[in-house]
Amino acid sequence: MTVFEELKRRGLVAQTTNEEAIQKALDNDRVTFYIGFDATADSLHVGHFLQILIIKRLQMAGHRPIVLLGTGTTMVGDPSGKTDMRKMLTVDQINYNAECFRKQMEKFIDFSPEKCIVARNGDWLSNLNYIQLLRDVGVHFSVNRMLSAECYKSRMEKGLTFLEFNYMIMQSYDFLHLFRTHNNTMELGGDDQWSNILGGVELVRRAEGKEVFGMTFNLLTNSEGNKMGKTEKGAVWLDREKMPPYEFFQYWRNVGDNDVIKCLKFLTFLPIEEIEAMETWEGAQLNRAKEILAFELTKMVHSEEDAQKSLDAARALFVSGADSEHMPSSEIMLTDGIINIVELLKATGLAPSNGEARRLIQQGGIMVDDEKVDDIAANISAAAFGKGYVVIKKGKKVFHKAILKA
RNA sequence: GGGAGUGUUCCCGAGCGGCCAAAGGGGGCAGACUGUAAAUCUGUUGUCUUACGACUACGAUGGUUCGAAUCCAUCCGCUCCCA
C-alpha cells in the first residue's frame with residue numbers, strides 16, 4: 001500500500017487540488033511539501049499532532065517535509081473559521097512559542113538536514129516591502145473572491161480587520177517563496193486551511209506559471225461534528241506540564257463510542273487492517289478499543305512508561321477501586337486534629353467555593369475513603385488519616401489524595 | 001464624517017423604575033441508569049452564611065429617583081445604513 005492509499009484508507013484526505021497528479025507524485029517521486037504551524041501557544045495540541053503524524057507518514061515514505069514555523073504569519077493571525085480576532089502576540093512570545101513547537105516536534109519528526117527542513121516565515125515576511133508586495137503579489141488576488149471564501153463567512157457578519165484579511169496573502173506568499181527557494185511543490189494542512197492553500201497554489205501558477213498542489217486533511221471532529229481535543233480547561237496539550245500524562249490518557253480513554261475508530265485511524269500507527277477489524281466491536285470490547293487508543297497515544301506523546309503507569313492507575317482506580325500513587329494530591333493541615341469536610345474540599349481544590357462544596361456534599365457527590373459524606377458539618381479527624389492521607393472521590397471520575405501535612 | 005442600533009451572569013439570549021442574583025436555551029457540576037461511552041430523566045449552577053439574610057454584579061463614569069440592568073448625560077467597544 002502506498003502512502004497516499006494509506007492516507008485515503010484512514011479517512012484523512014479531505015480535499016485536493018488535483019488528486020490524480022498528487023497521487024502520482026507521491027507514488028513515484030520524492031516530493032518536497034510543507035505544513036505551516038502558527039505559534040499561537042507554547043505547546044502543541046492534538047490538532048497539531050494530527051498534522052505531525054501526516055508529516056511523519058510522508059517522511060517515512062521518503063518525501064521531504066518543510067516544517068514551517070509561522071513566526072511571521074502569527075504576527076497577523078489567521079481569521080479562517082474564527083468568530084473573533086485572536087489576541088495579538090508580541091514578537092518575543094511568538095519566537096518563544098515557535099521554539100517550543102520545534103522542540104516538541106523533534107520527538108516525532110526526523111529533523112536531520114537531508115530529511116527535513118525547518119523554516120520560519122518571519123525570516124522573509126518581516127522584511128517585505130509593502131508597495132513591492134502589493135505590486136508583485138497583491139495584483140494576483142481578487143478581493144471579491146477572497147471575501148466570498150467560506151472561511152470568512154462568520155467574519156463577514158462580525159467584522160474582519162484589514163490585518164487579518166491579509167493573512168491569506170501572507171500564507172500564499174510562503175508557498176511562492178518555498179517554491180522558489182526549495183522547489184517545494186505541495187502544501188498540506190487541516191481542512192480549515194483550504195482557502196489559504198488554494199491562494200498559494202494559484203499564486204504560484206500566476207506568478208511562475210507552474211502547477212503546484214494542495215491537499216487538506218479532515219479535522220479531528222467527533223460524531224456530532226464538534227472539534228475534538230478541547231476540554232473545559234482548554235486544549236489537549238502535548239506538553240506534560242500543561243497536561244499530565246494521566247489526564248491525557250483519560251481524555252482518550254473517555255472518547256465517545258462513535259469516535260474511537262476514527263481516532264485510532266487518524267492518530268495511531270496501528271496497521272489499518274487491525275483497526276478496521278475493530279469496527280465490529282461493541283460494548284465491553286469497544287471499551288477495550290478505547291484503552292488501546294489511550295495507551296498508544298500516551299506512548300507516542302509521552303512514553304511507554306507513562307502509558308503503562310496511566311493504564312495501571314486507571315485500572316486500579318476504576319476497576320478495583322484501589323489506591324494509586326498517580327492521583328493528583330495536595331497537602332492539608334488540621335486544626336485541633338480535625339478538618340471540616342467543606343474546608344477539605346476547598347483546600348484540595350475540588351471545590352472553588354464553600355457553596356460549591358456544600359452542594360457537592362448535599363447532592364451526594366463526595367466520598368472519602370469509599371464512604372459517602374452527605375453532611376456538610378462532617379469533620380474528618382486525624383484518625384481517618386491513618387495511612388497519612390485520605391482518598392477523596394468527587395463524582396465518578398475525579399480522585400484526589402489529601403495528604404496530611406506533618 | 002452623518003444616521004440607526006447595540007453592550008446583561010461561563011456562552012447565546014429575555015428583561016415591565018421596585019415582585020431581579022435577573023426568564024429561556026446551551027455548557028458545566030452532581031444524582032439515577034450504565035461500560036470511565038452516548039442518549040434519557042432529576043437536581044444544581046455569583047460570593048459569604050446552617051439558615052434568616054448580607055454583599056458584589058447587567059460596557060465605563062457621572063446624574064435623576066425613596067428606589068436603576070431598566071430613565072438622562074458623557075465616554076468606550078461592536079454592528080448596520082449613507083459618504
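Convention: sequence-line order gives letters A, B, ...; per-chain numbering from 1. Remember, predicted model here, so these are calculated numbers, not experimental data.
Between the P atoms of B/C66 and B/G7, the separation comes to 28 Å (whole Å). B/A23 and B/A69 have their C1' atoms separated by 14 Å, given to the nearest Å. Here, B/C55 and B/U49 have their P atoms 16 Å apart, quoted to the whole Å. Comparing B/A57 with B/U45, their C1' atoms sit 16 Å apart, to the nearest whole Å. Comparing the same atom, P, in B/A39 and in B/C72 gives a spacing of 46 Å after rounding to whole Å.
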Legend entry - Pairing string, 5' to 3', for RNA chain B - Watson-Crick or wobble contacts under 3.5 Å, brackets [ ] where pairs cross, | to another strand: (((((((..(((.....[.....)))((((((.......))))))(((....)))...(((((..]....)))))))))))).
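A/Gln363 contributes no side-chain N or O that forms a donor-acceptor pair with the base of B/G31 under 3.5 Å.
One can place CZ of A/Arg359 at 7 Å from P of B/G46, the figure rounded to the nearest angstrom. B/U44 atom C1' lies 10 Å from atom CG of A/Leu360, rounded to whole Å. To the nearest angstrom, P of B/U36 lies 15 Å from CZ of A/Arg288. The separation between A/Asp374 atom CG and B/A30 atom C1' is 13 Å, rounded to whole Å. A/Tyr251 places its OH atom 14 Å from the P atom of B/A37, with the value rounded to the nearest Å.
Applying the 6.0 Å contact sphere to OH of A/Tyr96 captures no more than 12 heavy atoms from other residues, nucleotides or ligands.
With distances taken from any side-chain atom of A/Lys394 to the nucleotides B/A37, B/C29, B/U36, the minimum falls on B/C29. The side chain of A/Arg358 lies closest to B/U50 when the candidates are B/A37, B/A30, B/U50. Picking from B/U36, B/U34, B/A30 the nucleotide with the shortest atom distance to the side chain of A/Lys396 gives B/U34. The A/Asn254 side chain lies nearest to B/A37 when the options are B/A37, B/U34, B/U47. Taking every side-chain heavy atom of A/Glu356 into account, B/C29 is the closest of B/C48, B/A37, B/C29. Of the listed nucleotides (B/A37, B/U36, B/C29), B/U36 has the atom at the smallest distance from the side chain of A/Gln250. For A/Ile376, whose side chain is taken as the heavy atoms from C-beta onward, the closest listed nucleotide among B/U47, B/A37, B/U50 is B/U50.
With respect to the salt-bridge test (charged N to carboxylate O, under 4.0 angstrom), the residues A/Arg205 and A/Glu202 do not qualify. Contact check on A/Lys265 versus A/Glu279 returns a salt bridge, with a Lys/Arg side-chain nitrogen under 4.0 Å from an Asp/Glu carboxylate oxygen.
At least one donor-acceptor pair closer than 3.5 Å links the side chain of A/Asn121 to the backbone N or O of A/Thr71.
Under 4.0 angstrom from either OP1 or OP2 of B/U47 there lies no side-chain N or O belonging to A/Asn354. Phosphate proximity of B/G46 to A/Ser353: absent, as no side-chain N or O sits under 4.0 Å from OP1 or OP2.
Ring-plane geometry between A/Trp124 and A/His177 is classed as parallel, the angle between the planes falling under 30 degrees on a 0 to 90 degree scale with a further cut at 60.
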